[in-house]
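Reading through the structure tokens given below for one structure.
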Amino acid sequence: MTAVLFDFSGTLFRIESTESWLRAVLAEAGVPLSEAGLAQAARALEAAGAQPGGAFPATLPAELSDVWAVRDESAELHRAAYTGLSRRVTLPDPALHDALYERHMDPRAWSPYPDAARVLRTLHEHGIGVGVVSNIGWDLRPVFREHGLDAYVDTYVLSYEHGVQKPDPRLFTTALEALGAEPAQTLMVGDSRSADGGAAAVGCRVHFVDHLPVAERPDALLPVLDLVGAARRPAAPTQA
């Protein structure tokens, strides 16, 4: 393997809990809410699927089904889908719905999985190209910069910047072209069989991880190093 493509949410990073998400927004807005009220609202937001990177909607309202299906094809559609779900939940101030959407784009709302830095750094040190291919409606590059992982990523291919979303083969092909990599020598790592599994259609090998909280998934990315041979391959020599 000469290149590895990674999904973002649920693969390299995980969004904060729904309760933490809501608590941060309430504190920033100075809106008081009892602990019982906060817990109840957080449960309702989670059931609604209102948090990007969090749980999917328990029930998708008919009026949002069309936009939901293509939500990652533009920033506008992404915002419309998630704020539409959020507004199904009554909050103390209607302005909180937009504030919640803004919060999920804050690098502080995201945590890398414990082994993400080790895996990305090792791949980089061994000269293996690294790309991030994500279905998303906003620029995630600041998240990587904030957590010190941007230096290990060679290219980002984000659905909203290309107007298509995984499993569309065009996203994977774009990443391969940017890395100068052949599909047969590329591994795609993700948590969604329906979306990330699309890389198999262009000839990539695919490896799946579980979309779990950070504390529950300490080392699921480490097998990637064995799959590409980086765990045993000598590091590339440093150029003067």
| task | With sequence neighbours left out, write down each residue that passes ring-ring contact (aromatic ring centres under 6.0 Å, His included) with H97, or none if nothing qualifies. | result | none
| remark: In short, L5 meets A175 closest at the heavy-atom pair CD2-CB, 3.8 Å
| message | Quick check against the 3.5 Å criterion: does S86 have a side-chain atom that pairs as donor or acceptor with the backbone of Y82? | response | no
| field | Sequence neighbours excluded - side-chain hydrogen bond (donor to acceptor under 3.5 Å, both in side chains) pairs with any residue from residues 29-39 | value | R23-E35
| said: Tell me every residue that passes salt bridge (Lys or Arg N to Asp or Glu O under 4.0 Å) with D106, counting only those two or more places apart in sequence or in another chain. | reply: R108
| field | Sub-4.5 Å side-chain heavy-atom contact between L222 and V119 | value | yes
| query | Given side chains that start at C-beta, do those of D93 and L96 come closer than 4.5 Å, heavy atoms only? | reply | yes
| query | Side chains of R79 and M105: does their closest heavy-atom pair fall under 4.5 Å? | reply | yes
| H126 side-chain N/O to T122 backbone N/O, donor-acceptor pair under 3.5 Å | yes
| said: Tell me whether Q165 contacts the main-chain N or O of A195 through its side chain, where contact means a donor paired with an acceptor under 3.5 Å. | reply: no
| R193 to F208 six-membered ring, cation-pi geometry met (6.0 Å, 45°) | yes
| Under 30°, 30 to 60°, or over 60°: which ring-plane class applies to H124 and Y152, parallel, tilted or perpendicular? | tilted
Table please: side-chain donor-acceptor pairs of residues 54-67 below 3.5 Å, with sequence neighbours left out.
unit_1: S65; atom_1: OG; unit_2: A62; atom_2: O; d: 2.9

| field | Mutual orientation of the aromatic rings belonging to H104 and W138 [parallel < 30°, tilted 30-60°, perpendicular > 60°] | value | perpendicular
| task | Evaluate the side chain to side chain contact (heavy atoms under 4.5 Å, CB included) criterion for residues T186 and R205: first the C-alpha distance (whole Å), next the side-chain angles of each, then the deciding distance (0.1 Å), finally the verdict. | result | CA-CA 6 Å; T186 301; R205 185 174 177 180; over 6 Å; no
| Salt bridge flag under 4.0 Å for residues D7 and K166 | yes
| message | Can a donor-acceptor pair be found, under 3.5 Å and without considering hydrogens, that links the side chain of Q51 to the backbone of E16? | response | yes
| For E182, salt bridge (Lys or Arg N to Asp or Glu O under 4.0 Å) partners two or more places apart | none
| query | Does any non-hydrogen side-chain atom of I128 lie less than 4.5 Å from one of M1? | reply | no
| query | Restricting to pairs with a member in residues 13-51, which pass ring-ring contact (aromatic ring centres under 6.0 Å, His included), not counting sequence neighbours? | reply | F8-F13, F13-F144, F13-H147
| Is the backbone of T83 close enough, under 3.5 Å, to the side chain of R88 for a donor and an acceptor to pair up by distance? | no
| said: Would you say that L187 contacts C204 through its side chain, given a criterion of any heavy-atom pair below 4.5 Å between the two side chains? | reply: no
| message | Using the rule that Ile, Leu, Val, Met, Phe, Trp and Tyr join whenever any side-chain heavy atoms are under 4.5 Å apart, tell me whether F172 and V209 fall into a single cluster. | response | no
| task | For E102, look at atom CD and say whether over 12 heavy atoms of other residues, nucleotides or ligands are found less than 6.0 Å away. | result | yes
| message | Within the structure provided, determine whether H207 and L227 are in side-chain contact (heavy-atom separation under 4.5 Å). | response | yes
| field | R14 and H211: side chain donor to acceptor below 3.5 Å | value | yes
| field | Residue pair R118 / R121, side-chain heavy-atom distance below 4.5 Å | value | yes
| request: Would you check, one step at a time, whether the test salt bridge (charged side-chain N to carboxylate O under 4.0 Å, His left out) holds for D98 with R103? | output: CA-CA 9 Å; D98 284 316; R103 167 67 187 184; over 6 Å; no
| Flag side-chain contact, heavy atom, 4.5 Å: L77 against D72 | no
